[in-house]
Amino acid sequence: MSERETMEFDVVIVGAGPAGLSAAIRLAQLSQAANKSLNICVLEKGAAVGAHILSGAVIDPRALQQLFPNWREQGAPLHTPATLDRFMYFTEKKSYRLPTPAQMHNHGNYIISLGQLCQWLAQQAENLGVNIFPGFAATEVIYDGKQVRGVITGDKGIDKHGKQTARYQPGIALHAQQTFIAEGCRGSLTQKLFDLFKLRDGVDPQTYGLGIKELWEVPENLHQPGLVMHSIGWPLDHKTYGGSFVYHLANRQVAIGFVVGLDYRNTYLNPYEAFQRFKTHPDIYPLLSQSKRLMYGARSLNEGGFQSIPKLTFPGGLLIGCSAGFLDVPKIKGIHNAMKSGMVAAEAVFANLSDSLVECADYPKQLRETWVWQELRRARNIRPAMNWGLWPGVAYAALDTYLFRGHAPWTFRNHEDYLQLQKADQCKKISYPKHDNQVTFDLMNSVFLTNIHHEENQPCHLQLRNPTAAININWQEYRSPEQRYCPAGVYEILDKETNPHLQINYGNCIQCKACDIKDPTQNIVWTPPEGGSGPQYGMM
């Protein structure tokens with residue numbers, strides 16, 4: 001049996017997204033300025049930095065400006081300034097332009113590929129001496145008593161029966177004084193730490209959306225670099241939160257996507273099919289009918305905002321970025337907040353490392369003095385107000401923005417998404433149109449464009465707490481909503497008429513985490529597959 005390797009670091013950061021990389025860079029900058037040697041490690045479960053990164057994305061560059069004042073000269077991939085905002089209301093056949101909400105004005109922002117930005121940040125981090133290990137998923141936390149002392153990466157070369165193969169490699173134990181958790185939305189270690197250290201006690205439940213995105217190459221005459229368009233309304237009903245984005249990047253590329261709040265009620269709703277239907281709208285179809293689809297992907301995102309921010313520190317570590325939930329939903333932006341949280345955490349930890357730091361109380365104190373806290377507090381009521389329905393929610397958002405200016409003397413509460421789903425006999429079935437394979441596509445055609453890599457002979461990473469509930473509850477009562485909310489065809493009910501049983505096509509998983517969030521009995525638990533598995537986005 002191979003012996004587990006052990007490595008020692010000052011700081012281990014789990015996740016090479018914008019938060020984790022910004023934290024690593026800031027730590028390295030501070031150590032260089034102080035002429036100190038700091039050993040920093042960043043773990044990334046994707047095969048390469050950026051492989052699992054997916055976002056719209058329009059970035060507010062102020063955190064980047066603070067991290068690298070000369071980012072333009074250093075070649076940061078912010079190539080397309082946002083020049084025009086459009087906010088639309090769609091019916092099935094028509095569209096109506098609405099006033100663009102103040103939070104959604106994008107002057108001074110940039111349309112980017114977040115995957116490319118993370119690749120650039122990783123280069124800057126490595127230039128500063130940071131160790132980045134892609135292809136290694138952190139699967140366990142190391143504890144010393146009640147203090148976190150690092151993480152263990154997942155074993156490689158385990159077959160589907162849990163036995164070691166010829167290529168077996170045990171995971172590596174990475175010890176650290178401080179462990180930064182930067183897994184992004186609904187991370188597996190984050191969920192364990194929430195429970196162990198009761199980090200969510202006294203705060204609202206986190207709520208989520210599922211974002212589905214495609215990247216297209218469009219003809220020159222239809223390309224409008226810098227255009228940022230959002231829509232609400234069709235094809236969702238007025239009780240379901242969600243909307244679209246269409247962003248025109250450089251090089252004749254257009255990012256088009258659809259977000260559905262995972263607190264939707266109709267068990268027959270299919271977010272993927274709603275997105276395909278959206279593309280048939282008269283404002284969208286002409287853009288795509290002469291274009292080429294390049295990539296597809298999906299990812300869950302935090303929507304709970306201020307009310308749902310957990311306790312940010314625990315003995316031996318802290319939470320940054322979307323592990324904590326810093327997305328500003330009305331603004332439709334979280335990259336700048338994720339980066340800033342990583343930078344603040346780095347500064348707070350660096351100032352205290354020499355004192356045998358256990359729990360960094362300075363981090364949440366300092367974060368409360370930044371725009372992150374102020375921005376999220378101002379926006380706290382807008383997303384939960386949408387639970388009243390589209391038009392009451394829009395009306396309240398206008399009132400809150402322009403009259404109260406985010407300082408209303410009340411705070412609306414968030415709810416658990418999975419508790420909102422209605423049983424099948426309470427829901428109306430939804431009929432979705434047939435795909436034309438020109439603008440709309442079947443699901444497996446789309447999954448192919450994720451460039452997914454998954455070693456088939458490995459254990460299923462999608463675990464059921466109670467296997468019988470998949471049929472006795474999910475199928476019998478809800479008609480298996482996992483077949484519809486999964487944007488990769490992972491869950492499939494076979495022999496529906498005679499002997500219904502669940503087949504989990506775990507090799508299709510693109511790690512969006514929707515199943516872990518939306519399952520009505522919280523029976524599905526997402527755990528990391530072998531490091532390096534999953535989609536290979538890069539440009540998303």
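Numbers here are sequence positions counted from 1. The model shown is predicted, which means the values in this text are computed figures rather than measured ones.
For the 3.5 Å distance criterion, the side chains of T313 and E359 qualify, holding a donor opposite an acceptor. With 3.5 Å as the limit, one finds a donor-acceptor pair spanning the side chains of S244 and S231. For the 3.5 Å distance criterion, the side chains of K423 and Q426 fail to qualify, holding no donor opposite an acceptor. A side-chain donor-acceptor contact under 3.5 Å links T190 and E183. Under the 3.5 Å distance criterion, with hydrogens and angles disregarded, a donor-acceptor pair is assigned to the side chains of D263 and H415. Between N106 and D85, the side chains place a donor N or O and an acceptor N or O closer than 3.5 Å (distance only, hydrogens not considered). A donor-acceptor contact closer than 3.5 angstrom is absent between the side chains of N414 and T207. A donor-acceptor pair shorter than 3.5 Å can be found between the side chains of N474 and D519.
In this structure, the side chain of K333 engages the main chain of K331 through a donor-acceptor pair within 3.5 Å. Between the side chain of Y491 and the backbone N or O of C515 there is no donor-acceptor pair closer than 3.5 Å. No side-chain donor-acceptor contact under 3.5 Å links E492 to the backbone of Q483. Of the possible donor and acceptor atoms, one in the side chain of E44 sits under 3.5 Å from a partner among the backbone N and O of A16. Panel note: side chain S95, backbone T91; no donor-acceptor pair is recorded below 3.5 Å. Counting only distance, with no hydrogens or angles, the side chain of K311 and the backbone of K198 share no donor-acceptor pair below 3.5 Å. Checking side-chain atoms of H105 against main-chain N and O of H107 turns up no donor-acceptor pair under 3.5 Å. Judged by distance alone, with hydrogens and angles left aside, the side-chain atoms of D417 form a donor-acceptor pair with the main-chain N or O of Y208 at under 3.5 Å. Under the 3.5 Å distance criterion, the side-chain polar atoms of N337 are left unmatched by any main-chain donor or acceptor of G334. Checked by atom type and distance alone, the side chain of S300 pairs as donor or acceptor with a backbone atom of C512 at under 3.5 Å.
Among the candidates R186, K45, H461, R299, the single residue satisfying the side chain to side chain donor-acceptor pair (under 3.5 Å) test with Q511 is K45. Each of I256, V246, T280, V254 was compared with L288 under the side chain to side chain contact (heavy atoms under 4.5 Å, CB included) criterion, and only I256 meets it.
Taking the six-membered ring where the residue is Trp, H223 and H248 present parallel rings, their angle staying beneath 30° rather than reaching 60°. Ring geometry for F90 versus F278: interplanar angle under 30°, hence parallel rather than tilted (30 to 60°). Taking the six-membered ring where the residue is Trp, F275 and F258 present parallel rings, their angle staying beneath 30° rather than reaching 60°. Aromatic ring pairs are classed by plane angle as parallel below 30°, tilted from 30° to 60° and perpendicular above 60°; the pair W371 and H336 is parallel.
You'll find the side chain of L502 reaches within 4.5 Å of the side chain of E482, heavy atoms only. Under the 4.5 Å side-chain criterion, counting only non-hydrogen atoms from C-beta, V260 is in contact with L269. Side-chain contact between E214 and M295: absent, with no pair of heavy atoms (C-beta onward) separated by less than 4.5 Å. Taking 4.5 Å as the limit, every side-chain heavy atom of I59 sits out of range of all side-chain heavy atoms of N109.
Using a 4.0 Å cut-off between charged side-chain N and carboxylate O, D204 and R413 make a salt bridge. A salt bridge does not link E416 with R200: every distance from a Lys NZ or Arg NE/NH1/NH2 to an Asp or Glu carboxylate oxygen is 4.0 Å or more. For E273 and R484, the salt-bridge test fails: no basic side-chain N is under 4.0 Å from an acidic carboxylate O. For the pair R62 and D60, the salt-bridge criterion is met [side-chain N within less than 4.0 Å of a carboxylate O]. The residues E92 and R277 are annotated as not salt-bridged, no charged nitrogen and carboxylate oxygen being separated by less than 4.0 angstrom.
When ring centroids are compared, F326 and W373 stay outside the 6.0 Å threshold. A ring-centre distance under 6.0 Å is found for Y247 and H230. In this structure, Y110 has its ring center under 6.0 Å from that of W71. Ring pair Y272/Y296: centre-to-centre distance below 6.0 Å.
Cation-pi geometry between K518 and Y264 is satisfied (NZ or CZ under 6.0 Å from the ring centre, within 45° of the ring normal).
Applying the ring pair (Phe, Tyr, Trp, His ring centres under 6.0 Å) test to Y241 and every residue at least two apart in sequence or in another chain returns nothing. Among residues two or more places apart in sequence or in another chain, the ring pair (Phe, Tyr, Trp, His ring centres under 6.0 Å) test is passed with Y396 by W388, F412. Every residue meeting the side-chain hydrogen bond (donor to acceptor under 3.5 Å, both in side chains) condition with E347, not counting sequence neighbours, appears here in chain and number order: R26.
One finds the CD1 atom of I504 at 9.5 Å from the CD atom of Q463 (value rounded to the nearest 0.5 Å). In this structure, CG in L319 is found 11.0 Å from CZ in F180, a value given to the nearest 0.5 Å. Here the straight-line distance linking atom CG of L78 with atom CG of L64 works out to 6.0 Å at 0.5 Å rounding. Put simply, CG on N302 and CZ on R383 are 12.0 Å apart, with the number rounded to the nearest 0.5 Å. Here the straight-line distance linking atom CG of L114 with atom CD of Q119 works out to 10.0 Å at 0.5 Å rounding. Distance check: Q103 CD to T401 OG1 gives 3.5 Å after rounding to the nearest 0.5 Å.
Pairing each heavy atom of V14 with each of A138, the nearest pair is CG1-CB, 3.8 Å. Taking every heavy atom of both residues into account, L301 and G211 meet most closely at CD2-N, 3.6 Å. Nearest heavy atom pair, residue V447 against residue P487, reads CG2-O, 4.2 Å.
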When you look at I430 and N266, which way does the side chain to side chain contact (heavy atoms under 4.5 Å, CB included) test go after all the steps?
CA-CA 9 Å; I430 302 174; N266 188 337; 3.8 Å; yes

